[in-house]
Amino acid sequence: MRSQVLVVVLLAIVGIALGDVYMHNPRGSNNRLNERSANRNNGNRMFDSQNNNRGGYNKGDRSDEAFGDYDEQYDMTFYMSHPDVVDTGKGQSILSVEWTNQHGCGGNEHTDPHKLNCNLLLQYMCMPEDDMWKVADKTRVDCDFECFIPVPNNPDCTKKDPPCGLSPIAESDACEAAGLLWLPTHLNDRFNCPHKCSDSDAASEVLCGGTWSEHTSDSDGYIRLRDGLNTNTQQFTNPQNGQLTEEDRFERKDGNIDRRRGLHESWEWYDECYRRERNRGLFTADQRLRSNALGYSSAVYTRQNPNNNRRGYECPEERDYWPYWHPSPWVDIAVLTDRLDMCPFFQSESQNVKGKHYCRNTEDCTNCIRFNNQAQCEANGGSWVLHPPHYQPAPECIQADWSRVNHLGNGRDGQPNRYNWTLPHLSLSPFDKTKAVPHRCVLRLRYNISTDDYDAWRVNSSFNDNGGAGIISPVRQNPNIDIGAKNTALRLAINTAQFGRTFQDRSHVFRLVPRPTAAKISARPRAATQPADLFGTSTIYNLNVRGKRGNIVQTFPSVEYDFMPNHLHIAQGDLVHVQWTGSNTHNNGHPAGDGQAGDAGEGRGGTDRHNFVELKRRQFGESYPATWEENTMFANMLDAVDADDQKDFVMSLRKDTGKPWASVKRNWALRMATAGFYHSYNDEGDANSLVSRTEDGTKLNVLLDNAPASFRGGVFKFSRGVYNYMCTRNHNFSNRDQKGHLIVE
């Protein structure tokens, strides 16, 4: 089959080993986890970044010690936007995504051309985390049924068009409790669902007369989206001809999945990618793409990855091309491009709004997922089906901000390039706003570049190098070029696997949680003028911290500490959620690759620590914190609630309840100044008060060494005014500063 494929420009760079895009807020991992070295341990751990080994940030720790298990890791937690945000534009929760990209971007192709072509694509993947909804990395209990999401024009899912959505909920009771439909499936049925029953061909645990096997050691399964506890890559056993039943798949998966290793895409996602033929309509230049263990070249082989160097369970073809022509688990947020004329195509082809077809196995064809087109699928006995869209708004399509080539730095305005993401409202059904539940999520940033040495929008497989047919690729590997002098040629450094190229970074796992109702937090103390409903349709600005320990040379290509955003201009009534995360293993030791080792900074080596205190006399140019008597930021604050939804807001609803608002405001200033080490000054019965901890000998270290590396912080409503604030530990005059500026009008 020859497919007509448009791509967000198969990225390009001319034979350069150090390509790169690094996400700084939220912290991009670049495949790091908890390394004490400047270099990451394993660039193949979760995804293919194509980045330098030095980049990226460690997963956050909850306490002042390095994590040993998942409950000791810190997941950044953000409040969702209001349920009506898409319809009304009110109630946004805004997260500033910041990055640096080495090879430049931006400039309108028609009126302000750059020397290269580029697109930046932001995507997310989320899964419900509530135990009730049974979303976990485990064997499905029923391979004949799946949980479907009714759509307005197909409420009972009896029609093919529009297709009902597909929920990750994997058990009937949870599906029905969510108000969804547990129905016979045509997508991931018994011929497309790894399972094993010991004494029959039953495809469900209920009908299995013997033992229904589980691939995890925990009957409840493993965390579905997880960062891992070590830096090893999940395993994958290649399928073999003659061993392609779903029981064979179960056996392979059972021997591959490891609870202690990170997981984004599922094992099934990569297995189908490995078995599905690659799109042979694509331009591969003079690269020779290999074949898989089944004897054909599949979607794990691309021009950029001709040998299938596996990274986690990422599908190379889906990674390198967008919009993708088969189903993808990633939801599109925005595409930042130099080709605004392509926006209608990008938006209409996004799986947010358009379902994607793929071939499914049947009883008579156990490897029909091999076929990537309807004709071959059906001719071989497969079932060509439509996977539903994500039923999310089309991605925003805007002009990419300009950035300089070969410079991991700021844009034209002197600030890092960023995108203000309005966080989605995530419900168990996109058509029922009342079903919002906490989700675990990952953010993905893809950076695609090409040059004008060939027309990336026009070339396809007919341009591939083919000596037998007399076809010469428009670009060739390290060619010798005749410059007109007799018997003289000059060689160009061209790697056709990288001439048109995709880079990538991903965040660590974070959480999106619904806004608490007025009833849930009405008992909190607040100013007398403030209503019970703190959140309502108010805009939430997420104020975080970027960077890691070290000086500018040691951290590069990551960055030093700073508040993010460090200049924020909001209206009275808007909310600010102040939160940060840090690691206890940012030692930046050897091996350090081609950069400098070392972790210059204050306090215990390798540790990230932050706090949030107002500057003295509110002058941004000063470097001293204000005393409580000089404080205006918290002293004049109107409302606040702690952001620890997992502990039912224990700080605000139990520790603060019944206290005078003046006392609570002072306690909040103390909490933010000590990263939550102290909960109050001297509240009765508070073992974590300043007085109690001073008396029992657990007083706060002056450099915050014994404070937690991460702090969920609070959601604040500040009075009108101009406020300047700092971090006392990391503000090192003449070396680095960590200050911020807030205007409330």
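Cys727 pairs by the disulfide bond (SG atoms under 2.5 Å apart) definition with nothing, not counting sequence neighbours. Residues satisfying the side chain to side chain contact (heavy atoms under 4.5 Å, CB included) test with Pro438, not counting sequence neighbours, are Glu129, Arg511, Val513, Pro514. Looking at residues two or more places apart in sequence or on another chain, you find no side chain to side chain donor-acceptor pair (under 3.5 Å) involving Tyr541.
If you check the side chains of Asp737 and His731, you find no donor sitting under 3.5 Å from an acceptor. Using a 3.5 Å distance cut-off with no hydrogens or angles, the side chains of Glu98 and Tyr419 do not pair a donor with an acceptor. Arg609 and Asn584 share a donor-acceptor pair across their side chains, judged by distance under 3.5 Å alone. The closest side-chain donor-acceptor pair between Ser692 and Glu695, if any, does not fall under 3.5 angstrom. Side chain to side chain, Thr77 and Gln579 fail the donor-acceptor criterion of an N or O pair below 3.5 Å. For the residue pair Arg693 / Asn688, a side-chain donor-acceptor distance below 3.5 Å is found, with atom types taken as modelled. In the model, Asn25 has no side-chain atom that pairs as donor or acceptor with a side-chain atom of Arg546 under 3.5 Å. Side-chain atoms of Asn730 and His610 include a donor-acceptor pair closer than 3.5 Å. For the residue pair Asn420/Ser96, the side-chain donor-acceptor check at 3.5 Å is satisfied. For Asn31 and Arg45, the side-chain atoms include no donor-acceptor pair closer than 3.5 Å. There is a side-chain donor-acceptor pair under 3.5 Å between Thr607 and Arg729. Counting only N and O atoms by type, the side chains of Asp432 and Ser427 include no donor and acceptor under 3.5 Å apart. Side-chain contact check for Asp218 and Thr216: no donor-acceptor pair (N or O, by modelled atom type) lies under 3.5 Å.
Remark: the backbone N or O of Ser583 is paired with a side-chain donor or acceptor of Asp608 at under 3.5 angstrom. The backbone N or O of Leu443 lies less than 3.5 Å from a partner atom in the side chain of Ser507, making a donor-acceptor pair. A donor-acceptor pair under 3.5 Å is absent between the side-chain atoms of Ser81 and the main chain of Val85, judged by distance alone.
Arg524 pairs with exactly one of Thr657, Asp656, Asp639 by the side-chain hydrogen bond (donor to acceptor under 3.5 Å, both in side chains) rule, that one being Asp639.
Figure legend: cation-pi geometry between Arg444 and Trp330, with NZ or CZ positioned under 6.0 Å from the six-membered ring centre and within 45° of its axis. Because its NZ or CZ atom is both nearer than 6.0 Å to the ring centre of Tyr681 and within 45° of the ring axis, Arg666 counts as a cation-pi partner of that residue.
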Residue pair Phe634, Trp668: steps toward the ring pair (Phe, Tyr, Trp, His ring centres under 6.0 Å) verdict: CA-CA 7 Å; Phe634 290 100; Trp668 268 116; 7.8 Å; no

Lys59 vs Asp227, salt bridge (charged side-chain N to carboxylate O under 4.0 Å, His left out): CA-CA, chis, key distance, verdict: CA-CA 8 Å; Lys59 176 70 177 180; Asp227 290 306; 2.7 Å; yes

Step-by-step side-chain hydrogen bond (donor to acceptor under 3.5 Å, both in side chains) determination, Asp686 to Ser680: CA-CA 7 Å; Asp686 182 5; Ser680 67; 2.6 Å; yes

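Summarising the geometry of Lys665 relative to Met637, their closest heavy-atom pair is CD-O, 3.5 Å, with the distance given to 0.1 Å. Minimum heavy-atom separation, Asn611 to Thr674: CB-N, 4.5 Å.
Aromatic pair Phe67/Tyr74: ring centres not closer than 6.0 Å.
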